[in-house]
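As structure tokens, the structure follows; a few thoughts come after it.
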Amino acid sequence: MVTILVGGQWGDEGKGKIIDLLSENADMVIRSQGGNNAGHTVVNAGQEFRFHLIPSGILYPTTTCVIGNGVVLDPRVLLEEMQQVQSRGISIDRLVISDRAHLIMPWHPILDKLEEEQRGDDRLGTTWRGIGPAYADKIRRIGFRAGDLLKPRFLDKKLSFVLGKIKNPILEELYHVAPLDRQAILDEYTAYGKRLSLYIKDIFPIVHDALARNERVLLEGAQGSMLDLDFGTYPYVTSSSPTAGGALTGSGIPPSAVDLTMGVFKAYTTRVGYGPMPTELADNLGEQMRKVGVEYGTTTGRPRRVGWFDAVVARYSVALNGIRSIALTKLDVLDGFDPIRICTGYLNKGELQAYPMSNISHLKHCEPVYEELPGWGSSIAGVRRPEDLPKAARRYVDRLSELFSAPIDIVSVGPSRDQTIWMQGGPAQLAVRQRERQASHR
Ligand code: GDP
Ligand code: IMO
Ligand code: MG
């Protein structure tokens, strides 16, 4: 039983909270793309956890947590995170790291920052974690993989070529900065290998045995569909595929095994970094939304850009990922807003667009078309049943469901696990969606 969970917007939709919720009914949770550019927050029994690399399912004692082949892994950051989690009494015995996952090497964050500086006003606003340079090296076939950490002689030989012949010349000749020391890197990474050796494995048999036993496997998306390398607002995107398709190549799971794709969407829109965002509110209302929603990056602390819900993006994400179930988060943040606006279309040179345009200049200059709904003017943070939602809040949720053309199964009204409304009868409803999906395939 495979469920893919993807972010439907520009990341930070609240995936961590939803993964944590769904992990109660999962045997295995897999991160399949991205790296420590991700920041997934889970609030459990008053404790807040921020995961960058470890799958958010780790809080459940029996869930196997896999870092898949599609992830780019910074071993220093992972070891720190493992230590932090352990120091809070959580076991990491069930963590498995794919030996095929590519590594963030010391030159990747340096080049990420230098490239950004060189772009000047056209910079992307990356997280400076070295994500783009690491994926670029993977594609160039000069990447280092987690399995290499266990082979010091191979690591040494590869370093002399990649660092000596490619990276140091770039650092010195192109950027005029100091070269990196091969022996120091070899020592550092060999030490990481020793500390991670218990966890680094070929995940293929582990994942496929789980599938053969019909275990419940959850694929934890990072980032969001609008940051997708192909379908996002290129070049203002990340360097992986945070879509349902990317989840599969990043884990080695075949499309035929997927039972349900769930999309997580915030009840409004946020974005960190540069690039077009048609519904952005660059005014006091936006400032209010940022404050109430505490919209500051989990990874970089940067203020997130905020704006109204964008149903054009939603429609696109649903189609792109084959989303059949929605988790709507942070509805409580809209408590004090009246009226509430929803963007239902973009006007591009007088023409109404059904989907975000591939031409980002058109996207930047398009005019969002809005409809207005009344606000509810009371706190919904304590609501747990759909029938207890104020009428106007229910109307907003129903209207979004119509615009998604997909059912909203979960509405989240606060960061903690219990601040959740199961709209159609609890986790069992998800199993119904899975069966519907299977039936529609037969
Ligand atoms: P992710 O990257 O998609 O996992 O999301 P982040 O963790 O980066 O950002 C989501 C933020 O919203 C976190 O601080 C969560 O604790 C918080 N959050 C999640 N769901 C809700 C909700 O329904 N209401 C409120 N107020 N906060 C939420
Ligand atoms: P989670 O998993 C929000 C954004 C960066 C930047 C662009 C490229 O927490 O939702 P990168 O460092 O990936 O090369 O930066 O992508 N970005 C995210 N924005 N949430 C994330 O992850 C993000 N990961 C990358 O801000 O605009
Ligand atoms: Mg985040």
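Note that ligands are numbered from 1 as they come in the structure, with each ligand's atoms numbered from 1 the same way.
Judged purely by distance below 3.5 Å, without hydrogens or angles, the side chains of D310 and Y346 pair a donor atom with an acceptor atom. Residues T126 and R119 bring no donor and acceptor atom of their side chains to less than 3.5 Å of each other.
Between L363 and P278 the shortest heavy-atom distance is O-CG, 4.0 Å. Closest non-hydrogen pair, W308 versus P339, comes out as CH2-O, 3.7 Å. Closest approach of H108 to D137, counting heavy atoms only: NE2-OD2, 2.8 Å. When all heavy atoms of A244 and T261 are compared, the closest pair comes out as CB-CG2, 4.2 Å. Looking at every heavy atom in both residues, D20 comes nearest to Y60 through O-CE1, 3.0 Å. In plain terms, the two heavy atoms of L53 and E81 that are nearest each other are N-OE2, 3.1 Å.
Using 4.0 Å as the threshold, S239 has no heavy atom nearer than that to any atom of ligand 2. At least one heavy atom of V237 lies less than 4.0 angstrom from ligand 2. For R302, the closest heavy-atom approach to ligand 2 falls below 4.0 Å.
Residue contacts with ligand 2, taken as heavy atom pairs separated by less than 4.0 Å, do not involve R129 at all.
The Mg ion (ligand 3) is closest to atom OD1 of D12 (considering only N, O or S atoms).
Nearest protein neighbour of atom 13 (O) of ligand 2, counting heavy atoms only, is T238 OG1, 2.6 Å. Shortest contact from atom 12 (O) of ligand 2 to any protein heavy atom: T127 OG1, 2.6 Å. In terms of protein heavy-atom proximity, atom 23 (C) of ligand 2 is nearest to Q223 CG, 3.7 Å.
Aromatic ring pairs are classed by plane angle as parallel below 30°, tilted from 30° to 60° and perpendicular above 60°; the pair F309 and F404 is perpendicular. Y316 and Y355 have tilted rings, their planes meeting at an angle from 30° to 60° on a 0 to 90° scale.
Contact atoms of ligand 2 toward G273: 27 (O) (distance under 4.0 Å to a heavy atom of the residue). Close contacts between ligand 2 and A222 involve ligand atoms 2 (O) [criterion: under 4.0 Å to a heavy atom]. Near W10, meaning under 4.0 Å from any of its heavy atoms, are these atoms of ligand 2: 3 (C), 19 (N).
Put simply, CD on Q9 and OG on S225 are 9.0 Å apart, with the number rounded to the nearest 0.5 Å.
Between G14, G125, A38, it is G125 that holds the heavy atom closest to atom 6 (C) of ligand 2. Nearest to atom 27 (O) of ligand 2 by heavy-atom distance, out of V272, T126, V72, is V272. When the heavy atoms of L227, D12, T233 are ranked by distance to atom 16 (O) of ligand 2, first place goes to L227.
Close N/O approach between K15 and ligand 2 is found [any backbone or side-chain N/O within under 3.5 Å]. At least one N or O atom of H40, backbone or side chain, sits closer than 3.5 Å to an N or O atom of ligand 2.
No more than 12 heavy atoms of other residues, nucleotides or ligands shown are found within 6.0 angstrom of OH on Y274.
Distance check for G39 against the Mg ion (ligand 3): an N/O/S atom falls below 2.8 Å.
Between D388 and R385 there is a salt bridge, since a side-chain N of the basic residue sits under 4.0 Å from a carboxylate O of the acidic one. Salt-bridge formation is not detected for the pair K113/E116: no Lys NZ or Arg NE/NH1/NH2 atom is positioned less than 4.0 Å from an Asp or Glu carboxylate oxygen.
Ordered by chain and residue number, the residues placing a heavy atom less than 4.0 Å from ligand 1 are D12, E13, G14, K15, G16, K17, G39, H40, T41, T298, R304, K330, D332, V333, S412, V413, G414, P415.
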